[in-house]
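Data first, discussion second: the structure below is written as structure tokens.
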Amino acid sequence: MAPPPTHPVRAFALGLGFDLVGFTSAAPPPHAAYFEQWLAEHKHGAMDWLARNAAKRTDPARILQNAKSVIVLGLNYGPGTESLPAPDEPTGRVARYARGADYHDLVWDKLVLFEKYLSAQFAAESLGYCDTGPLLERDLAARAGIGWQGKSTMLIAPRLGTYFFLAEIITTLELPPDPPQADHCGSCTRCLRACPTGAITAPYRMDARLCISYQTIENKGSIPVELRPLLGDRIYGCDDCLEVCPWNRFALDSRTAQFAGNEWTERPSLRQLLALTEDEFKTIFKNSPIKRIKRRGLLRNVCVALGNTGTATDLPALDRTARDAEPLIAEHARWAMEEIRKRRRLSGR
């Protein structure tokens, strides 16, 4: 049963609180071949799940039998501003999307309701994902008219810029596809020039292994020594290529209060983070995306940030951390201490 021209499916999505809605077919996404080449060049780093599910990612019909359409949804999380004063000591930067509640939980509740609606109203089978399934979601979103993939490879929407989460529902319901949007990046290359590590190797080309978001989140081991100074004070993700995008001048504040930051995510004290026990970490970040990198990952990143921005005042805390039971944390603490001492020697202090 097809929906009438008034598109109640779109109206239902907007009623659930999504800011963007687009329809596209379940055909393979446009850049499937490039994705396979990207994997072959090992630019996905240690994200092995991307390769394991490559066949499904390049063909949504392999995920759900008789799939006809993909509903692509966008939920605004920005831009907002930091509302808490930074402490008078070294602080860390958290990517804007991770400063509040875990978006997976918030979006998933909406997807469950959406699946029930499609089943009850159209007898359609559906599967919903929010960065949780084998989909080339930005590719599908661009084809569904949500926005276009910018030179940073991030999706850009005219009304929201780059600050929105994506979710998808693959369904057996046949929906009239929305037209894709044209690329409006023009001659702009601000995102390429802003990337601290050169991870955007060319327009529309990304080497994830160089990306600060990859190194601070997806990399579970030691951060390459040559990249550590380039991380600066970033302890979870990186917004540099987003912040310089001219389209973000149109970005609107999110309507979702749970995405607001707190004292642990808006310019948090690096020394306070460094002192967190396992139990304290679990309590503070239990509803945050940051929980996925665990204490060992966060404190590893904090050590690198202190190595880049800390002073002699931070050496006692780092010295204690260098004796942490977790070898990954201890190693990065020792590196940070040596970096601070190096700066002191160079400055003659």
Side-chain angles (χ1 to χ4, degrees), residues 9-24 29 70-82 94-111 113-114 128-133 135-170 178-185 188 190-191 194 200 204 206 211 213 217 236-261 265 288-290:
V9 172
R10 195 186 308 274
F12 186 82
L14 295 171
L16 284 175
F18 288 106
D19 299 283
L20 302 168
V21 188
F23 304 150
T24 187
V70 180
I71 303 167
V72 183
L73 307 156
L75 183 64
N76 179 22
Y77 69 80
T81 56
E82 291 179 348
V94 173
R96 194 182 302 271
Y97 82 87
R99 293 176 188 171
D102 193 331
Y103 64 96
H104 296 94
D105 299 332
L106 296 174
V107 174
W108 185 249
D109 290 343
K110 298 177 188 292
L111 293 181
L113 294 173
F114 212 147
Y129 292 114
C130 177
D131 193 29
T132 53
L135 289 173
L136 295 183
E137 58 178 11
R138 294 180 203 166
D139 219 6
L140 292 170
R143 193 172 68 189
I146 291 289
W148 70 93
Q149 281 192 275
K151 292 177 183 177
S152 66
T153 75
M154 298 299 290
L155 202 72
I156 304 172
R159 292 195 300 110
L160 297 180
T162 57
Y163 298 122
F164 58 95
F165 300 116
L166 284 174
E168 303 79 33
I169 294 181
I170 307 172
D178 291 305
Q181 291 196 30
D183 185 325
H184 295 292
C185 285
C188 180
R190 293 185 193 182
C191 56
I200 309 171
Y204 315 104
M206 164 68 70
C211 179
S213 287
I217 301 172
Y236 192 92
C238 178
D239 282 335
D240 284 29
C241 65
L242 308 184
E243 289 174 347
V244 299
C245 180
W247 284 92
N248 278 328
R249 67 183 182 273
F250 301 115
L252 304 172
D253 288 343
S254 173
R255 297 177 293 167
T256 307
Q258 295 96 316
F259 291 152
T265 58
S288 164
I290 295 174

With a 4.5 Å limit on heavy-atom distance, are the side chains of [X] and [Y] in contact?
{"X": "Asp131", "Y": "Val107", "answer": "no"}
{"X": "Asp102", "Y": "Pro289", "answer": "yes"}
{"X": "Tyr236", "Y": "Tyr97", "answer": "yes"}

Please answer whether the main-chain N or O of [Y] pairs with a side-chain N or O of [X] as donor and acceptor at a distance below 3.5 Å.
{"X": "Asp19", "Y": "Asn76", "answer": "yes"}
{"X": "Thr256", "Y": "Gln258", "answer": "no"}
{"X": "Arg96", "Y": "Leu242", "answer": "no"}
{"X": "Asp178", "Y": "Thr24", "answer": "no"}
{"X": "Arg249", "Y": "Pro246", "answer": "yes"}
{"X": "Thr162", "Y": "Ile156", "answer": "no"}
{"X": "Lys151", "Y": "Cys191", "answer": "no"}

Query raised in the report: Under the side chain to side chain contact (heavy atoms under 4.5 Å, CB included) criterion, do Val21 and Val9 qualify, and how do the steps go?
Result: CA-CA 9 Å; Val21 188; Val9 172; 6.0 Å; no
Query raised in the report: Between Phe114 and Phe12, is the gap from one ring center to the other below 6.0 Å?
Result: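 Judged by ring-centre distance (under 6.0 Å), Phe114 and Phe12 do meet the cut-off.
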Query raised in the report: What about the rings of Phe259 and Phe165, do their centers lie closer together than 6.0 Å?
Result: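 Judged by ring-centre distance (under 6.0 Å), Phe259 and Phe165 do meet the cut-off.
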Just verifying a value: how many Å separate [X] [atom1] and [Y] [atom2], rounded to the nearest 0.5 Å?
{"X": "Tyr129", "Y": "Trp108", "atom1": "OH", "atom2": "CH2", "value": "8.0 Å"}
{"X": "Thr132", "Y": "Glu168", "atom1": "OG1", "atom2": "CD", "value": "8.0 Å"}
{"X": "Ser152", "Y": "Asp240", "atom1": "OG", "atom2": "CG", "value": "11.5 Å"}
{"X": "Leu160", "Y": "Leu20", "atom1": "CG", "atom2": "CG", "value": "4.5 Å"}
{"X": "Arg10", "Y": "Phe18", "atom1": "CZ", "atom2": "CZ", "value": "14.0 Å"}
{"X": "Lys110", "Y": "Leu16", "atom1": "NZ", "atom2": "CG", "value": "6.5 Å"}

Query raised in the report: Parallel, tilted or perpendicular for Trp148 and His184, by the 30°/60° rule?
Result: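 The rings of Trp148 and His184 stand perpendicular, inter-plane angle above 60°.
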Query raised in the report: Please walk me through it: do Thr153 and Arg138 pass side chain to side chain contact (heavy atoms under 4.5 Å, CB included)?
Result: CA-CA 8 Å; Thr153 75; Arg138 294 180 203 166; 3.3 Å; yes
**Report entry** side chain to side chain contact (heavy atoms under 4.5 Å, CB included) evaluation trace for Gln149 with Asp139
**Finding:** CA-CA 8 Å; Gln149 281 192 275; Asp139 219 6; 3.6 Å; yes
